[in-house]
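A short worksheet on the structure shown next.
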Amino acid sequence: MTAGHLRIENVSLARREDGTASGQFAAWINTAGEGFYKKPATAEQLEQMLQAHEADARVLTGVYDDTRPAGLVDPLVPVATFASFAQTLNAGAGLLPAHLVTLVTVRPTHRRRGILRQLMTGDLSRAKAAGFPVAALTATEATIYGRFGFGRVTEHQELQLDVRGDVRFHAEPVGSVVQLAPEKLGDIAVPLFERFHASRRGSVGRQESYLRHATARWGEDGPEPDPKQRAAVYLDAAGEVRGFVTYAFAGWDPKPITLDVRDLVATTEVARRELFRFLSAHDLVERVSYPFAAANDPLGWALEDAARIGYGERGHGLWVRVLDVPQAFAAREYRGAGDFTLRVEDPLGLASGTYGFEVGDGQAVVTRLADDAPATMSCDAVALGPLLLSAAGVAELHAAGLLRMEDAGEPDRIGDLLDLPGLPHAINGF
């Protein structure tokens, strides 16, 4: 690190003798929260967050500045925070082990000292050594993480459904929706999400907090009960639960009067449609707002009047960093049959090299070749995430300057092998 007085330490999840969270953990949590403009946590909230961190087996890192005046600053308070934990990413043909990065903050007083670079490069090197083929994060600022090889692979946007009057769907209702207390989702939410996760390219596994939010043990403002939250499940004609939704009334003052969807997980498109039909039937509500809609959300095709749907804020979703090219690209789907070579230039040296792809029967054999082997196309590490998830077509990535090819016909030829229908989508962040 550029300044010798800055030290990096792991923050233990071990408890004090009385069973409470340690002072170091409390200081780390509150510093990370401050980076996202949250209030300091109460003792009970710290306990709840410690339980969730234990369930996720998170690794917490803090950076400490020993030159700050001890009389002014608690030495347990870090100047930067960084956390990671293991989950899975759906790459299209299977679930990949994924190293997830979260709660990255650097105090304004310690910017431009190389702190983030040292934290990130060290963490990614350890993740690769541990055998993770990909790392991923959700970013609040688009320009930060490309330099570390993360590429944007999903987007989400706020879907706003006008429910004034009779909302008509093309299909007749099927199955049934049952309203229930949110705590009843305790045995339902995780298995349903896992079924969705296994079927949707771009989906990323969920952390413990999602179950606590679904059951209203945690609310929108933090780890404390939320009495406003409501829940419902969709049952198909055979009586099997195929989806759930949690939601809350936003109040009488904002106009239009809105029902806010907190979470919606459906294992079939029919289940998703019927849950939206249920939401649109609430009395006195003028709009249903859903924050994690895909860029190509299909709900409009289900409505007789697609103009009822509008979109609000659009945000970046998942960013993926490939660490092991052969392992990662073996877990995605392919089309047709053919071959090509890909040269990757990686400033961090984690994915650098030339790789041969032999495609057939929906799969690819990916082999590391000599670094100076002729390459059909080349790219920087930042392009590997979008290429892996087929977030855009090969020709689009080439036109954008993310893929480099000398032969004018290669983008279409390789696109016939790599381009997949639809867009990757993740319905949760971390």
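All of these numbers come straight from a predicted model, not from anything done at the bench.
- For residues 146-192, every residue pair satisfying the ring pair (Phe, Tyr, Trp, His ring centres under 6.0 Å) rule, not counting sequence neighbours, is listed here: H156-F292.
- With no hydrogens or angles considered, a side-chain donor-acceptor pair links S289 and E158 at under 3.5 Å.
- Checked against the 6.0 Å centroid criterion, the rings of F85 and H99 do not qualify as a close aromatic pair.
- The distance between the ring centers of Y247 and H282 falls below 6.0 angstrom.
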Return all side-chain donor-acceptor pairs below 3.5 angstrom for residues 386-403, not counting sequence neighbours, or 'none' if the list is empty.
residue: S390; atom: OG; partner: L420; partner atom: N; Å: 3.0
residue: E396; atom: OE1; partner: G393; partner atom: N; Å: 2.7

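- For the pair R212 (side chain) and W218 (backbone), a donor-acceptor distance under 3.5 Å is absent.
- Around the CZ atom of R168, the shell of radius 6.0 Å holds no more than 12 heavy atoms that belong to other residues, nucleotides or ligands.
- Relative ring orientation between F196 and F193 is described as tilted, the plane-to-plane angle lying within the 30° to 60° band.
- Listed by chain and number, the residues in a salt bridge (charged side-chain N to carboxylate O under 4.0 Å, His left out) with E220 are R262 (sequence neighbours excluded).
- A donor and an acceptor atom, one from each side chain of H213 and T246, are nowhere located under 3.5 Å apart.
- Atom CG of D187 sits in a sparse spot, with 12 or fewer heavy atoms from other residues, nucleotides or ligands closer than 6.0 Å.
- No side-chain donor from either of R217 and Q48 sits under 3.5 Å from a side-chain acceptor of the other.
- Classification of D380 and R404 as a salt-bridged pair holds, one side-chain N sitting under 4.0 Å from a carboxylate O.
- For T81 and T105, the side-chain atoms include at least one donor-acceptor pair closer than 3.5 Å.
- For F329 and F357, the ring centers sit closer than 6.0 Å to each other.
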